[in-house]
Structures are given as C-alpha cells and as structure tokens.
Amino acid sequence: MLHSVCLASPLHSPKLKDSINGTSEVPNTTLLHHFTSPFELKQAVAFLIKTNKPLSLLPLSRVASICALTPDFPFAQQIFSSVDQQEVSIWNSCLRNLAEGSSLIDAIFLFHQMRCYNVSLDCFTCSFVLKACVGLRDLLRGRIVHGYVEKLGFQSNLVLLNALLHLYATCGAMADANLLFDKMPQRDAVSWNIMITQLAKKGDVDGAFDLFEKMPDRNLRSWTAMITGFVHCGKAKEAIRLFVEMEETGLRANEVTVVAVLAACADLGALDLGRRIHEYSNKSGFRRNIHICNTLIDMYIKCGCLEAAKIVFNEMKERTIVSWSAMIQGLAIHGHGDEALELFNEMIKMGMKPNEVTFLGILHACSHMGLINKGREFFTSMSRDYNISPQIEHYGCMVDLLSRAGLLQDAYELITSMPINPNAVVWGSFLGGCRIQKDVKMAEEAIRQLGVLDPLNDGYYIIMSNIYAEAKRWEDAARVRKLMKDRGVKKTPGWSSITIAGTTHEFVAGDDNHPQAEQIFKRWDELLEQMKSKGYVPNTSVVLLDIEENEKEKYVYRHSEKLALVFGLMNIKPGEAIRIMKNLRVCEDCHAAFKVISEIVKREIVVRDRNRFHCFKDGFCSCKDYW
DNA sequence: GTAGGGTTAG
C-alpha cells in the first residue's frame, strides 16, 4: 500500500530528482535512520528511489526536524505529501518539541516557515507557537498569533483562549487578560488558575484570592496556585491556613504544593509542620524531586536545624546550583562560615558553576566571620573568574563586611565609588557598622542619606538614637526620637515566639499578660541569681532611656526573648533544644545572658533573629559574638 | 494542545 502511494507520489518527479542532485552515491541503509543533515537526508531519499522503496520508510519526525529551520523546508513537504499522514501534524510535533525545549526562537521561526510555505495551520499549531511566545515573553508576536487565531476561525476554542489568556497575563498585559477573561464564552479551571497565578505573581494576592473564592470548580492546581501566591506575597500564615483547608476537602498535596507549603514553613519557622510535610513527601515518593529537596534544605535551615538540612543535602543524588547555594547560605547564617567556604571549594572541584546567589552566600559567610581579605578576594573573583557582575546585594554584603569589621573609611569609599546608586540597605549596613564602631560623625552622614532613601523605616532612627545615647548625647537622641514622631514613624514592637506542642506563644517586652507570667518572673529571678554567680552583669547600655541604672535593669530583664526562653525552660523537657524566633535583632544583653544560661541549664538554645541564627551552647554562641 | 515549583544583603 505504502509502496503504491510512493509510486504515485511526486517524489519520482524530475523536480525532486533535481533537488537531490549530486547525491547519487548509494548510501548504507543505516542512513535511513541516522541522517543528521539535509545532505544525508537527500542521500537517503536517493537510495530509496533507486531501490524503489517507499519514502514512508524515513522517520518523518527527523525529516521534519532537519528541514524545519532550513531552506529545505519544501523538500520535506514533498516527502510528506507521499505519506498517509497530515503534513501539519508532523510539523506540529516538531514545533511542540521546539516550544517545550530551549529553542523557543526556533519554534517561532518554524511557525513562520509553515506560513510561508502554505501549510494549513490548525489549533495545535497555534497553541504550540503561543507557548513559545509566552516562554519568550514576546507579547508582540503573541498578538500576531492572536490575529491568526481569529482569522482561522479558532476564536471560540477554549484551549486557545486559555493560551492567549496565559500570554497576556504572563507578559504583564493585565488589561488585555482581564478583558479576555471577562468576555470568554466559557471558562474552565485552567482559565481561573491562570488568572490566580498571574495576579499573585504580580503582587495582587487579594485579587487572586477573590477569584479563587469565586471560581466554581477548584482543582488541586487552583489550591496550589493560591497557596504559592500567598507564600510569594509574604503571607505564609494564610498559605498554611489554606493548605489545612485544602487537606480538609480531601485533596492530597502534589510536589508543587509541597514546595509551597515547605516555603511557608521556612518563613514562619514552623518546624513541626515542615517535618510532617517532609515525611509525607517521602511517603508519596517525592524524595528524588530536586525542587522539594532544595526547599527542604531551606526549610530546615530557617527552622534552625542545620543538621537536618545537611542530611537532605548529603542524600541528594543530584544537586543543582540552588542546592549548593542554599546550603552555603545556610551555613553562613548559622555561623559556620568556614564550612561554607569549604563547601564552595568542593562545589568548584566538582565542576559546578557558581551563580550570583552563590556569591551572596559566600560574601555573607565572610562578612559574618570578619574575613575581610577573603571577602574582598571573592568579590573580585566573581566578575573576573566567573563573569558575574556584582549587584546591589553584593555591594550591600561588602559594605556590611567592611563596616562591621571597623573599616568604615573603606566602606564609605566603596559606597561612593560603586557603579550602582546605593540604596537604603547599603547605607543601613554602613549605619550598623557606625553603631558598632561608635562613630557618630559617619552615622550622621548615613542617616542623612537614609532620610531620603527610606524615611519611614523606624530601624534607622532607632540605631541613630542609640548611637547618640551610647555617646551620652541625650538631647540628640531625643531629637531623633522627635523627628521620628514628627514623621509619623512608629517603632516596630519587638516580639519573640516559641512553639510548644504545636502552639506558638508570643511575648513582647515587659509582657505580664501571659497566663504563666508570675511563674516566668519567679523562675527568672532564680536564674538571675545563678547567672550573677557565673559573672553575668546586665548590660544596660541597650536601654535608650535616660533613667536610673536599676530602672534600666528592670527593662532589660523583661526583654521578649528572655521571657520566651524562661517559658521554654519551664515547658520543654530537659535535653531538648529550645528554639526561639525574634522579629528584630537579638539584643546584646540577651545575647550575653543566653550564653550564661546555656551553660547553667546545659541545653542548646537556638535563636532565629531577623538576620541570622544564634546557637547557644555550653556558654558560647555559634556567632562567636560577631554579628 | 492551554495553568505550576527551589537558593537572594542589613
């Protein structure tokens, strides 16, 4: 049958014979399956014609992929016309491969060829080329395809409308997306999910949730899209709440849901749930999923379980740069800068190429260990050896590294000479260094800049006023406080939290609202006696107020992290680590106190503050008092 | 055929 098709086909026409001119050598039969160029293809065709065999013996997908992007396109068309398969479907599968791979531009080019050579396009063609447009964020070309969709009469095809919706929403043309979504004759879960995902990605998480609540038939991907959206918009609590609700409907998390929920756990420091999801993930056979492992690493790191993160990392059969970067960053914020650098070297030895995030972790590690020269070397190396130009974040790290180490002049020079405009974080790091060095003049320069760059951030005023207070310049300190008040800036209240048996207890400074407040204060007084006998002296310089010394002590003794710790000591069984989270940086006096307490109670105390971890053990802290 | 996920400075 195929043979007769072949005989009747135009392939025996003089035209085709001309086009394979110069390829008359009889090829080996293996060429039928192994040709990789138009030239070899022509040899194969010549062989078939010569031996009177049907052209359908050729692997058509390969014919298509070889001719798709070349001027030999019509040659392939001639071959296809001899077989009993629709030409467009062969090109479509080729188009799909390109659109799903990394050759999106080639996919667009193939689409162009198909139009040039009058292939009659179908809905599949349009959907694949739209996918390529989305991948390239090529709105303009996407609009052209939209024109084709209308011209070819596919305008009521739901799948294509969804693809167009995806195009507009992903490329930021939300007005077009909304218009299309509103006027679609019918919508399915995909339509809603596209809108939810993209709205949340653009930060409109309320708009996304509004749609989520309105949509008629939610599927797992709808829930996942919404959970992911909450996480990306910094609403981890809402993400978890929704996840619990999803479980109640009987839906089971898939790999993408797991990633989102783990990320939420990382944000909140929700170790219990994180562990539960880890178990669920293993039971569900997700153990090999790299995204999940990377998020697990991050979750354990941000929950203060460095060892658990290491186990996940070590057990990974395959790692990406994200795995390495996450681990390096994790070691850095846990104060194991030396290990971070070792891991970096190991990574390089294995031939893995670092990216800009890897360097952020490395610079972070150097900064937290005071490795000034190493940090400088890495900073130079990243652009010189790896062709990665430093971003504002890398400059931020360097300014932090230098100013923390007391090299304020160097830091200042870096800021004023950097090719990017310094932002508030850069000046903020500098200001932090000024506080450590007690350099009022430099601090004043920083605060001048910050008054313009980020005038509503309370933290800068607090530090400045603290610097004045430490210099006993009470009037200036008060002036800064007043400036803050005049500008309507409120101090973020500090809080610390601790989770016991699934319940999170939050404390603020001076908190006497807690049901166990009396016992907490009593236990603290007992502890204080022991601490003093070990040499603890309260450091009242952290109190900004101009009040009597013994009044200051009372303030210090009621700091939120101390209350959380004492509560933990009372309620967590001996031997277990105590994990505390704080929304601000841990105070110096608490830091000193926790070291002594870790020795007295012989327990590990892990504190996650807004920047890093402090792991107190046997009288020492993992940050080595450099933070 | 159309919707999705991981590391990011103070």
Side-chain angles (χ1 to χ4, degrees), chain A residues 92-93 95-96 99-100 122-131 134 154 157-167 169-170 188-198 200-201 219-229 231-232 254-263 266 289-299 301-302 320-330 332-333 355-361 363-364 367-368 390-401 403-404 423-433 435 457 459-460 463 585 610-612 627:
Chain A
N92 279 351
S93 68
L95 182 62
R96 180 192 201 170
E100 283 176 354
D122 64 9
C123 334
F124 290 80
T125 323
C126 297
S127 81
F128 298 141
V129 72
L130 278 171
K131 196 185 185 99
V134 172
F154 302 146
N157 179 314
L158 181 56
V159 172
L160 283 183
L161 287 175
N162 283 341
L164 287 165
L165 192 64
H166 189 212
L167 170 86
T170 305
D188 62 2
V190 177
S191 333
W192 291 90
N193 292 352
I194 289 167
M195 292 301 281
I196 290 168
T197 306
Q198 296 304 326
K201 266 201 180 154
N219 59 19
L220 176 59
R221 285 172 76 146
S222 321
W223 288 90
T224 303
M226 201 58 240
I227 294 168
T228 307
V231 176
H232 282 162
N254 67 12
E255 280 134 303
V256 184
T257 329
V258 164
V259 167
V261 178
L262 286 174
N289 185 308
I290 298 187
H291 289 270
I292 292 183
C293 291
N294 291 344
T295 319
L296 273 173
I297 292 173
D298 188 51
M299 184 276 291
I301 282 166
K302 297 213 172 116
T320 63
I321 189 61
V322 176
S323 333
W324 290 92
S325 305
M327 201 62 226
I328 287 170
Q329 162 74 6
I333 63 169
N355 68 10
E356 62 282 357
V357 184
T358 326
F359 276 103
L360 224 42
L363 292 177
H364 202 178
S367 150
H368 281 294
Q391 305 159 345
I392 190 86
E393 291 87 350
H394 299 96
Y395 282 102
C397 258
M398 283 308 287
V399 169
D400 174 53
L401 172 96
S403 38
R404 192 193 292 275
N423 62 10
V425 177
V426 170
W427 281 111
S429 307
F430 183 72
L431 181 66
R435 195 186 71 81
N457 190 318
Y460 304 133
I463 296 174
R585 291 189 57 186
R610 64 179 294 168
N611 289 337
R612 58 167 298 150
W627 88 93

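Naming convention: chains lettered A, B, ... in sequence-line order (proteins, then strands); numbering from 1 in each chain. Because the structure is a prediction, the values reported are computed rather than measured.
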*Asks:* Check every strand shown and say whether A:Ile328 touches a base, only sugar-phosphate, or nothing at a heavy-atom separation below 4.0 Å.
*Replies:* nothing
*Asks:* For A:Thr224, which contact category applies under a 4.0 Å heavy-atom criterion: base, sugar-phosphate, or nothing?
*Replies:* base
*Asks:* Below 3.5 Å, does any donor atom in the side chain of A:Thr295 face an acceptor in the base of B:dG5, or the other way round?
*Replies:* no
*Asks:* Determine the contact category for A:Leu160: base if any of its heavy atoms lies under 4.0 Å from a base atom, sugar-phosphate if only primed atoms, P, OP1 or OP2 are that close, otherwise nothing.
*Replies:* base
*Asks:* Starting at atom CH2 of A:Trp192, determine the distance to atom C1' of B:dG4, rounded to an integer number of angstrom.
*Replies:* 19 Å
*Asks:* State which of B:dG1, B:dG5, B:dA9 makes the closest approach to the side chain of A:Asn423.
*Replies:* B:dA9
*Asks:* Base, sugar-phosphate or nothing for A:Leu164? Non-hydrogen atoms, less than 4.0 Å.
*Replies:* nothing
*Asks:* How many whole angstroms separate atom CD1 of A:Ile194 from atom P of B:dT2?
*Replies:* 10 Å
*Asks:* Minimum heavy-atom separation for A:Ala200 to A:Gly229, with atom names?
*Replies:* CB-CA, 3.5 Å
*Asks:* Taking the minimum atom-to-atom distance to the side chain of A:Val322, which one of B:dT7, B:dG1, B:dA3 wins?
*Replies:* B:dT7
*Asks:* Could you state the CG-P distance from A:Leu165 to B:dG1, rounded to the nearest angstrom?
*Replies:* 19 Å
*Asks:* For A:Asn157, which contact category applies under a 4.0 Å heavy-atom criterion: base, sugar-phosphate, or nothing?
*Replies:* base
*Asks:* Examine the base of B:dG4 for any acceptor or donor lying under 3.5 Å from a partner atom in the side chain of A:Asn254, and report the outcome as yes or no.
*Replies:* yes
*Asks:* Could you give the CG-to-P distance, from A:Asp298 to B:dT8, as a whole number of Å?
*Replies:* 5 Å
*Asks:* Does the ring of A:His291 meet both stacking tests against the six-membered base ring of B:dG5: centre distance under 5.5 Å and plane angle under 30°?
*Replies:* yes
*Asks:* Below 30° counts as parallel, above 60° as perpendicular, anything between as tilted: where do the rings of A:Trp427 and A:Phe430 land?
*Replies:* perpendicular
*Asks:* Looking at A:Ala260 and A:Thr228, what are the two nearest heavy atoms and their distance?
*Replies:* CB-OG1, 3.5 Å
*Asks:* Need one value for A:Gln391: base, sugar-phosphate or nothing, where a base atom within 4.0 Å counts as base even if backbone is also close, heavy atoms only.
*Replies:* nothing
*Asks:* Examine B:dG4: is either OP1 or OP2 under 4.0 Å from a nitrogen or oxygen in the side chain of A:His166? Give yes or no.
*Replies:* yes
